Amino acid sequence: MGLPERRAIAQYKQNVFPKWQQKLNELVGAPVEIEVEWDTLGADGLAHLFEQGIDAIYFEPLVLALQDIGVDDFSKQAIRDGFKKYFISGTEPEDRIFYRFENKTLSYRHNFSNIENYTNERRQRIVNLLEQGL
């Protein structure tokens with residue numbers, strides 16, 4: 001990762017990431033630990049797309065999924081009790097199972113691709129996974 005990409009990640013961490021942290025904490029109703037392997041996100045030559053891409057790939061689908069699930073007090077309590085951590089990596093797993101929900105942790109390992117077209121599919125995968133695991 002070159003200087004433009006590292007700069008874009010640093011700006012994202014400083015200017016955008018805190019807003020996602022706050023939004024997730026509000027939706028869950030409790031602090032959510034977010035662990036990000038920042039040096040694995042993005043792709044060389046695409047620094048100008050990092051903000052839009054990181055939002056669309058890693059954060060927007062989760063926010064939409066939590067909104068879909070948390071429709072009543074029972075569901076909101078299940079989320080609050082059962083979802084404590086979100087782990088993000090841009091390194092895909094060998095078994096190609098990108099999402100996992102174990103030990104109150106949602107993990108998403110996916111490379112920086114398909115920025116715009118798959119938000120709803122990602123949302124639905126998260127909904128299905130969380131509804132099974134909560």
Side-chain angles (χ1 to χ4, degrees):
M1 195 178 297
L3 180 61
E5 293 81 15
R6 291 193 319 269
R7 182 184 312 115
I9 290 290
Q11 289 173 347
Y12 189 91
K13 285 169 59 174
Q14 180 179 352
N15 300 325
V16 181
F17 178 72
K19 296 172 190 171
W20 287 117
Q21 178 74 68
Q22 180 180 358
K23 182 70 173 173
L24 288 174
N25 290 349
E26 290 171 4
L27 284 171
V28 172
V32 175
E33 179 185 350
I34 303 175
E35 180 183 344
V36 181
E37 291 182 343
W38 293 105
D39 60 336
T40 67
L41 301 187
D44 288 339
L46 297 178
H48 64 288
L49 295 175
F50 278 14
E51 182 174 337
Q52 174 190 4
I54 293 170
D55 288 353
I57 295 168
Y58 304 105
F59 290 106
E60 289 172 6
L62 177 57
V63 165
L64 294 170
L66 291 171
Q67 290 171 338
D68 285 355
I69 296 168
V71 294
D72 56 28
D73 290 340
F74 183 84
S75 300
K76 289 176 184 176
Q77 186 64 48
I79 292 169
R80 191 168 31 261
D81 292 343
F83 178 49
K84 302 296 182 186
K85 182 176 179 180
Y86 184 38
F87 172 79
I88 298 169
S89 175
T91 303
E92 294 185 355
E94 288 184 25
D95 62 10
R96 309 277 299 156
I97 298 174
F98 304 115
Y99 287 103
R100 295 185 191 274
F101 186 59
E102 304 169 320
N103 302 318
K104 301 183 180 185
T105 299
L106 176 64
S107 299
Y108 186 38
R109 297 174 178 272
H110 196 282
N111 65 20
F112 191 79
S113 63
N114 302 323
I115 292 172
E116 296 176 22
N117 298 329
Y118 295 99
T119 300
N120 285 325
E121 289 87 346
R122 289 181 177 116
R123 175 196 51 80
Q124 191 58 55
R125 284 188 210 139
I126 296 168
V127 167
N128 295 342
L129 192 58
L130 290 180
E131 285 184 338
Q132 291 293 319
L134 289 174

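Given the structure is predicted, the values throughout are model-derived calculations rather than measurements.
- Residues L49 and F112 share a closest heavy-atom pair of O-CZ, 3.5 Å.
- Residues F50 and Y12 place their aromatic rings such that the two centres sit no closer than 6.0 Å.
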Listing, residues 82-90 side-chain donor-acceptor contacts under 3.5 Å, not counting sequence neighbours, or none:
unit_1	atom_1	unit_2	atom_2	d
K84	NZ	R80	O	2.8
K85	NZ	E35	OE1	2.7
Y86	OH	Y58	O	2.5
S89	OG	E37	OE1	2.6
S89	OG	T91	N	3.1

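- The side chain to side chain donor-acceptor pair (under 3.5 Å) search around D81 returns Q77, not counting sequence neighbours.
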*Please walk me through it: do F101 and L134 pass side chain to side chain contact (heavy atoms under 4.5 Å, CB included)?*
CA-CA 9 Å; F101 186 59; L134 289 174; 3.9 Å; yes
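- Pairs passing the salt bridge (Lys or Arg N to Asp or Glu O under 4.0 Å) check and including a residue from residues 10-27, sequence neighbours excluded, do not occur.
- Closest non-hydrogen pair, L27 versus Q67, comes out as CD2-CG, 3.8 Å.
- Considering only residues two or more places apart in sequence or on other chains, D72 meets the side-chain contact (heavy atoms from CB on, under 4.5 Å) condition with F74, S75.
- Residues L24 and V32 approach most closely at O-CG2, 4.1 Å, considering heavy atoms.
- Evaluation of the side-chain hydrogen bond (donor to acceptor under 3.5 Å, both in side chains) test over residues 38-52, restricted to residues two or more places apart or in two chains, returns Q52-E116.
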*Could you walk me through whether I34 and F17 pass side chain to side chain contact (heavy atoms under 4.5 Å, CB included), step by step?*
CA-CA 10 Å; I34 303 175; F17 178 72; 3.7 Å; yes
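- The shortest heavy-atom contact between P4 and A47 is O-CB, 3.5 Å.
- Applying the side chain to side chain donor-acceptor pair (under 3.5 Å) criterion to S113, with sequence neighbours excluded, gives N111.
- The salt bridge (Lys or Arg N to Asp or Glu O under 4.0 Å) analysis of residues 88-111, with sequence neighbours excluded, yields the pairs E92-R96, D95-R100.
- Between atom OG1 of residue T119 and atom CD1 of residue I57 there is a gap of 8.5 Å, rounded to the nearest 0.5 Å.
- In the hydrophobic cluster analysis, where Ile, Leu, Val, Met, Phe, Trp and Tyr join through side-chain heavy atoms closer than 4.5 angstrom, L62 is grouped apart from L64.
- Between L66 and V127, every side-chain heavy-atom pair lies at or beyond the 4.5 Å cut-off.
- Side-chain contact between S107 and Y99 is absent, with no heavy-atom pair separated by less than 4.5 Å.
- The two residues W20 and V63 come nearest to each other via the heavy atoms CZ3-CG2, 3.5 Å.
- Sorted by first and then second residue, the pairs that involve residues 122-131 and meet salt bridge (Lys or Arg N to Asp or Glu O under 4.0 Å), not counting sequence neighbours, are D68-R123.
- Qualifying side chain to side chain donor-acceptor pair (under 3.5 Å) partners for Q11, counting only residues two or more places apart in sequence or in other chains: none.
- Transitive grouping of hydrophobic side chains (ILVMFWY, heavy atoms separated by less than 4.5 Å) brings V36 and M1 into a common cluster.
- Atom CG of L129 is separated from atom CD of Q124 by 11.5 Å, given to the nearest 0.5 angstrom.
- In this structure the side chain of Q22 never reaches within 4.5 angstrom of the side chain of N25, judged on heavy atoms.
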